[in-house]
2 protein chains.
Amino acid sequence: MFIGEYHHSIDDKGRLIIPCRFREKLGDKFIVTRGIENCLFVYSLESWNNIVNKLETLPFTKKDARQFIRFFLSGATIAEFDNQGRINISSPLISYAGIYKECVIIGTGDRIEIWSEESWNDFFTSAKDSMSDIAENLFNESVNL
Amino acid sequence: MFIGEYHHSIDDKGRLIIPCRFREKLGDKFIVTRGIENCLFVYSLESWNNIVNKLETLPFTKKDARQFIRFFLSGATIAEFDNQGRINISSPLISYAGIYKECVIIGTGDRIEIWSEESWNDFFTSAKDSMSDIAENLFNESVNL
DNA sequence: CTGATAGTGGGGAAAAGTGGGGGATTATAT
DNA sequence: ATATAATCCCCCACTTTTCCCCACTATCAG
C-alpha cells in the first residue's frame with residue numbers, strides 16, 4: 001500500500017529519486033507509464049500484470065480499445081533503481097508529464113503517481129473544493145476500477 | 001510483451017532501426033504489414049500466426065471480411081535485421097505510412113507499431129484529451145476491468 | 001559530535017544508433 | 001553476350017545516449 005506525498009527534483013539526466021519508503025514495495029523492476037491527467041503512474045510488476053491481463057481481453061478491432069492500449073502501453077517502460085535509489089524517466093514521459101524540475105510523488109494505494117509540482121498544485125486547488133460533491137456519487141456506479 | 005515509445009529516423013536507403021529492447025522478442029524473422037490508422041504493424045511470427053488463424057475463420061462470403069483480409073495480408077512482408085539491428089521497409093509500406101524521415105516506434109503488447117512522427121503527433125494530441133472519456137467507458141461493455 | 005541513512009551531481013566506459021563506402025547480385029540495354 | 005546501371009547487403013567508422021560508479025551534501029538519531 002503506497003501512501004504519502006514527497007517533493008523531489010528531476011536532474012538534467014532525467015533521473016528522479018523514488019522516496020525510500022516506496023522502494024522495497026516496488027521490487028527490483030517495476031513499470032512507469034503515462035497516467036490520466038498529466039501525471040505518470042508507477043506500478044509494481046504484480047499490479048501491472050493484473051491490468052495488462054484485463055487489457056489483453058480487448059480486441060484490436062475496436063477503436064477505443066486500440067486507442068487506450070496505444071496510449072497506455074506505448075507510455076510504459078520497465079524501470080530499475082540505480083545504487084542511489086533513482087530511476088530514469090524516458091523523454092516521452094518527461095514531456096508528457098511536464099516534469100522538468102520540481103516533482104511531487106504521491107502514493108495512491110496500488111500505485112505511485114509522479115506529478116510536476118505545477119500540475120499537482122493546479123489539480124489540488126481545483127479538486128479540493130469539489131471533493132464534497134465527488135464523494136457524494138462515488139459508489140453509485142456498478143463497476144469500480 | 002512490447003512496451004515503450006522510441007523516436008528514430010529512416011535513412012535514404014529505407015533502413016529503420018528497431019529499438020534494441022524489441023529485437024530479441026521479435027526473433028530472426030518477423031512480419032511487417034499495414035496497420036489501422038496510417039501506421040505499420042510488426043508481429044513476431046508467433047503472434048502473426050495467431051491472428052491469421054483468427055482471420056481464417058471469417059467467411060469469404062462476407063464483404064467486410066474479404067476487404068479486411070485483402071488489406072491486411074497484401075501488405076505483409078517478412079523482414080530480417082541487418083547487423084546493426086535495422087530493417088528494410090518496402091516502398092508500398094513506406095508510402096502507406098508516410099514515413100520519410102522521423103518515425104515513432106511504439107510497443108503495444110503483442111505487436112510493434114511504426115508511425116511517422118507527424119501522424120503520431122496528430123493521433124496523440126487528439127487521443128490524450130479523449131483518454132479520460134475513453135477510460136471512463138472502456139470496460140462498461142462486455143468486459144470489466 | 002558522530003555515524004547512518006537519504007538525496008544530489010558529475011565523469012567515463014560501454015552500448016545503441018547513424019551514415020556511408022564498396023562488393024556482389026540482379027536487372028536493363030545495346 | 002556483354003557492358004552498363006541499379007539494388008541489396010555487409011562492413012566499418014563515427015556520434016550519441018545510457019548506465020554505472022564515485023564523491024559530496026543534507027538530515028536525523030543517539
Check your understanding: Where the side chain of B:Arg21 is defined as all heavy atoms beyond and including C-beta, which of D:dC19, C:dG7, C:dA16 is the nearest nucleotide?
Key ->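 It is D:dC19.
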
Quick one: [X] [atom1] to [N] [atom2], roughly how many Å, whole number?
X        : N      : atom1 : atom2 : value
B:Tyr6   : D:dT17 : OH    : C1'   : 13 Å
A:Glu102 : C:dG7  : CD    : P     : 15 Å
A:Glu24  : C:dT5  : CD    : C1'   : 14 Å
A:Ile87  : D:dC19 : CD1   : C1'   : 14 Å
A:Asp11  : D:dC24 : CG    : P     : 18 Å
A:Ile78  : D:dT18 : CD1   : P     : 16 Å
A:Asp12  : C:dG11 : CG    : P     : 11 Å
B:Ile10  : C:dG19 : CD1   : P     : 12 Å

Review point. So what does B:Arg23 touch, heavy atoms closer than 4.0 Å: a base, only the sugar-phosphate, or nothing?
Key: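 It contacts sugar-phosphate atoms only.
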
Review point. Under 3.5 Å, is there a donor-acceptor pair between the side chain of B:Ser74 and the main chain of B:Arg70?
Key: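 Judged by distance alone, yes, a pair lies under 3.5 Å.
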
Review point. Taking the six-membered ring for Trp, are B:Phe81 and B:Phe22 ring centroids under 6.0 Å apart?
Key: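 Between B:Phe81 and B:Phe22, the centre distance exceeds or equals 6.0 Å.
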
Check your understanding: Charged N to carboxylate O under 4.0 angstrom, B:Lys54 versus B:Glu56?
Key ->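 Salt bridge between B:Lys54 and B:Glu56, a charged N being under 4.0 Å from a carboxylate O: no.
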
Exercise for review: For the pair A:Phe71 and A:Tyr96, name the ring-plane relationship: parallel under 30°, tilted 30 to 60°, perpendicular over 60°.
Suggested key: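 Because their plane-to-plane angle is over 60°, the rings of A:Phe71 and A:Tyr96 count as perpendicular.
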
Review point. Distance from B:Ile99 atom CD1 to B:Ile89 atom CD1, nearest 0.5 Å?
Key: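 If I round to the nearest 0.5 Å, the distance is 4.5 Å.
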
Review point. Mapping A:Ser9 and B:His8 to their closest nucleotides on DNA chain C, which lands nearer the 5' end?
Key: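 Result of the comparison: A:Ser9.
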
Point to revise | Where protein sits on nucleotides 7-14 of chain D, one letter per nucleotide: B base, S sugar-phosphate only, - none, heavy atoms under 4.0 Å | key: --BBBB--

Review point. Judged by modelled atom types alone, do A:Trp48 and A:Glu46 share a side-chain donor-acceptor pair under 3.5 Å?
Key: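 A:Glu46 and A:Trp48 do not have a side-chain donor-acceptor pair below 3.5 Å.
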
Review point. So, B:Glu117 versus B:His7: side-chain donor-acceptor pair below 3.5 Å or not?
Key: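 Their side chains do contain a donor-acceptor pair, which is all the 3.5 Å distance test asks for.
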
